[in-house]
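Below: the structure, in structure tokens.
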Amino acid sequence: MLRTSAYSSIRASLMKGRFQQSLLRTLAFLLSSLVHLCDFKSKKWRRSGDSRLKMLWIIRFSGFFSAALVTIVLSPSLQSFPPAEAIRSSHFDGYLRYPGQTPVVDSLNRFSFRKASAFGNAEECGSGDRQTSGETTVCDPSLVHIAITLDVEYLRGSIAAVHSILQHSLCPTNFFFHFLVSETNLETLVRSTFPQLNFKVYYFDPEIVRNLISTSVRQALEQPLNYARNYLADLLEPCVRRIIYLDSDLIVVDDVSKLWTTSLGSRTVGAPEYCHANFTKYFTDGFWSDKRLSGTFVGRKPCYFNTGVMVIDLVKWRRFEYTKRIERWMEIQKNSRIYELGSLPPFLLVFAGHVATIEHRWNQHGLGGDSVRGSCRDLHPGPVSLLHWSGSGKPWLRLDSNRPCPLDALWAPYDLYGPTP
Ligand SMILES: *[C@@H]1O[C@H](CO)[C@@H](O)[C@H](O)[C@H]1NC(C)=O
């Protein structure tokens, strides 16, 4: 897709230039007018079916689209500004409007990942006969199941996450990766990067959530694939009884099989909890003042948890139909705004206070930093098994722009992006 590469390079150069907020506002306003014009044209194309005219408009406006996106990403404070909303939703619609068309393929051709070094099980792994992939069936009960999305914009992060998991585990061939995609089939890319990996690619249809997504404070939070975690129980084979769900902006620096064997007790979801965080702020005043809504927390002691690292009992999830419960809250959100973030609040609504506590070492989150100032964050006290760059800053973008945060150096060794040296 055009935005991915153009966007990161423009973003990097803009970061260096440190554009003034006021300039961005003006730019956003101008672009919104252009986007409206383009959107109007796009309706015309579909009626006329004139592909030459369509191409011309795509070429003419692709630059503007990228620039518009950059403006929004760079300036989160703009996001409550009406013209920015207009750009964002137009862009989003445009992106879903042409599924599987050349822009996606084109940008994928520009992705280049090095092959990861070979890996194998240690002797301690017992029946180490799972030496080659292909023979492993997903229903083998000894497997460790891990789900990660492969979003074109976060692909570099997802690949680094997988790489980090393999590097720190004793029995990597016991892992089975479930990759969720919605833009194109990335199987070849994964296979060439990790030739021995046990994995399967699942197509997540953006249409499933399209009508359930409401605008949030950050455009990245509206990506349909962000919501794929709600549907793991349906997407994965019924024989998969437990899954570790991981975000794309993290690295694991410990053996993930320790996380896999964590007891969930009677709970369905396990995650590190943060009970000192102000839980009130995740929902609107309207939510708290409507007892029919906020009454859902009565009898619970709800605490914030981050949905980027979760261990999920899929058997219980299916039995209690948690997907439907989450969808019901998303429908309420569409009609009466009860929160500002993306896929997280419905999880809090359904599970907060009913989560199996996992050690904090498994989600040292927030390393992406502050969304407005792009400031660097430090680790929380205590041991570290997983580093998570949640927040708006991503280590690959900061490294590319030569403005990394100190902890980004810990992400860099797992990066496989770029041609073979
Ligand atoms: C928690 O956040 C809410 C809403 O932002 C605020 O009104 C309240 O004072 C905060 N509570 C504490 C203890 O900081």
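Counting starts at 1 for both ligands and their atoms, following the listed order.
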Below 4.0 angstrom, N of the basic side chain to O of the carboxylate: do Arg210 and Glu207 qualify?
yes
Between Asp313 and Arg267, does at least one N-O distance fall below 4.0 Å, as a salt bridge requires?
no
Show me the donor-acceptor pairs within less than 3.5 Å that the side chains of residues 295-312 make with the rest of the protein, sequence neighbours left out.
{"from": "Thr296", "atom 1": "OG1", "to": "Arg300", "atom 2": "NH2", "distance (Å)": "3.2"}
{"from": "Arg300", "atom 1": "NE", "to": "Thr296", "atom 2": "O", "distance (Å)": "3.2"}
{"from": "Arg300", "atom 1": "NH1", "to": "Leu349", "atom 2": "O", "distance (Å)": "3.2"}
{"from": "Arg300", "atom 1": "NH1", "to": "Ala352", "atom 2": "O", "distance (Å)": "2.7"}
{"from": "Arg300", "atom 1": "NH2", "to": "Thr296", "atom 2": "O", "distance (Å)": "3.2"}
{"from": "Arg300", "atom 1": "NH2", "to": "Leu349", "atom 2": "O", "distance (Å)": "2.6"}
{"from": "Tyr304", "atom 1": "OH", "to": "Asn306", "atom 2": "ND2", "distance (Å)": "3.3"}
{"from": "Asn306", "atom 1": "OD1", "to": "Gly308", "atom 2": "N", "distance (Å)": "2.7"}
{"from": "Asn306", "atom 1": "OD1", "to": "Asn363", "atom 2": "ND2", "distance (Å)": "3.3"}
{"from": "Thr307", "atom 1": "OG1", "to": "Arg229", "atom 2": "NH1", "distance (Å)": "3.2"}

According to the interplanar angle, ranging from 0 to 90°, do the rings of Phe176 and His145 count as parallel (below 30°), tilted (30 to 60°) or perpendicular (above 60°)?
tilted
Using a 4.0 angstrom limit on heavy atoms, which residues are close to ligand 1?
Asn278, Lys281
What I want to check is whether the side chains of Asn121 and Thr173 have a donor and an acceptor closer together than 3.5 Å.
yes
Check whether any side-chain heavy atom of Val162 lies under 4.5 Å from a side-chain heavy atom of Tyr414, and answer yes or no.
no
